[in-house]
Amino acid sequence: SSKKLSAMADVLWLERNVLEALLFRLVEANLILVAEETRFVPQALAEVEDVVARLRGAESQRRNVADSLASEIGMASGELTLDYLAANLAEPARFVFEGHREGFLRLAGEIERITVENRRLASRAMQNITQNIDTLLGGQPAPTTYNARGRPSSSTSSPVRLDEVM
């Protein structure tokens, strides 16, 4: 029905707006990392996490509307895709869903690029911090983690919290 198509378009706009907010927060985090303003990194990560939580809610909303629309047109739950809508609907709905598809692809590419850059910058920042600590300790490598007994242990793993968020 046109009401369900309209609801689908509305929820896609909502999701795109949340993705734009995520991109903004990732760019903001990037600028903080580039400026080496490490004191603001925790706040930037918290803001990214908040937007990611909003994104999960928007995705859930989209799944519910898509499943309802899918059942109406005889498709199984989870089977309806944006590509299908963009390719199989009549105008003007086709135009709307093609626009959403292109918008999501653009945002996904931009988010992927800034995420890769942020990870690279964060890794470099961690290396710099470790080198500074090494220098302060008189050349001894600083422990990066602790084992189950609470003893210092070197580790080559990357920052987990940062990877999850970015």
Side-chain angles (χ1 to χ4, degrees), residues 1-129 156-166:
S1 79
S2 65
K3 281 186 180 184
K4 288 191 179 180
L5 284 174
S6 180
M8 186 68 185
D10 289 346
V11 79
L12 290 172
W13 274 119
L14 170 70
E15 193 170 3
R16 281 177 62 186
N17 286 332
V18 174
L19 284 170
E20 285 282 352
L22 176 60
L23 179 59
F24 174 79
R25 294 299 182 204
L26 290 170
V27 169
E28 182 179 63
N30 179 268
L31 294 172
I32 289 168
L33 289 166
V34 167
E36 297 181 1
E37 291 287 351
T38 56
R39 65 187 172 164
F40 297 120
V41 170
Q43 181 179 346
L45 293 178
E47 290 176 2
V48 169
E49 288 174 346
D50 289 344
V51 176
V52 168
R54 286 180 31 215
L55 182 59
R56 286 187 187 112
E59 288 171 340
S60 175
Q61 219 178 338
R62 176 187 31 86
R63 270 191 308 277
N64 292 338
V65 172
D67 287 347
S68 175
L69 182 58
S71 75
E72 186 173 294
I73 60 176
M75 296 178 91
S77 177
E79 223 176 77
L80 184 64
T81 66
L82 190 50
D83 285 339
Y84 176 86
L85 293 172
N88 293 292
L89 294 176
E91 294 297 343
R94 177 184 308 198
F95 177 77
V96 169
F97 290 102
E98 284 174 349
H100 281 303
R101 183 183 58 194
E102 290 169 11
F104 278 111
L105 290 172
R106 179 188 55 79
L107 283 166
E110 290 181 67
I111 289 168
E112 177 65 23
R113 280 188 292 281
I114 196 74
T115 299
V116 167
E117 176 66 8
N118 286 356
R119 284 185 180 145
R120 185 187 68 74
L121 289 169
S123 178
R124 187 179 76 196
M126 287 302 298
Q127 288 171 350
N128 290 342
I129 290 169
T156 58
S157 66
S158 61
V160 175
R161 183 165 184 246
L162 191 61
D163 285 346
E164 289 174 357
V165 174
M166 293 186 180

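Considering every non-hydrogen atom in both A29 and N118, the closest pair reads CB-ND2, 4.1 Å. Looking at every heavy atom in both residues, L5 comes nearest to F97 through O-CZ, 3.6 Å. When all heavy atoms of Q61 and L14 are compared, the pair lying nearest together is OE1-CD2, 3.0 Å. When all heavy atoms of A21 and V51 are compared, the pair lying nearest together is C-CG1, 4.0 Å. Residues V65 and A7 come closest through the heavy atom pair CG1-C, 3.9 Å.
Atom CG of N64 and atom CE of M8 lie 10.5 Å apart (nearest 0.5 Å). Atoms CZ and CG, from R101 and L85 in turn, are 10.5 Å apart once rounded to the nearest 0.5 Å. Atom CD1 of I114 sits about 12.0 Å away from atom CZ of F24, to the nearest 0.5 Å. For the atom pair CG of D50 and CG of L22, the computed distance is 11.5 Å after rounding to the nearest 0.5 Å. Taken from OH in Y84 to CD1 in I73, the straight-line distance is 4.5 Å, to the nearest 0.5 Å. Here L33 contributes atom CG and R119 contributes atom CZ; the two are 12.5 Å apart, rounded to the nearest 0.5 Å.
Put simply, the side chain of L12 reaches to within 4.5 Å of the side chain of L82, judged on heavy atoms.
By the 6.0 Å contact criterion, CD on E36 is open, its count of non-hydrogen atoms from other residues, nucleotides or ligands being 12 or less. For E37, the CD atom sits in a packed shell: over 12 heavy atoms of surrounding residues, nucleotides or ligands are nearer than 6.0 Å.
Scored by the side-chain contact (heavy atoms from CB on, under 4.5 Å) test, A70 finds M75, L80 as partners (sequence neighbours excluded). Residues passing the side-chain contact (heavy atoms from CB on, under 4.5 Å) test with E91, sequence neighbours excluded: R94, F95.
For S123 (side chain) and R120 (main-chain N/O), no donor-acceptor pair under 3.5 Å exists by modelled atom type.
Annotation: salt bridge (Lys or Arg N to Asp or Glu O under 4.0 Å) contacts involving residues 11-32, sequence neighbours excluded, comprise E15-R62, E20-R106, R25-E28, R25-E47.
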request  = May I have the step-by-step check of side chain to side chain contact (heavy atoms under 4.5 Å, CB included) for N30 and L26, ending in yes or no?
outcome  = CA-CA 6 Å; N30 179 268; L26 290 170; over 6 Å; no
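Electrostatic pairing of R113 and E110 does not count as a salt bridge here, judged by no charged N lying under 4.0 Å from a carboxylate O.
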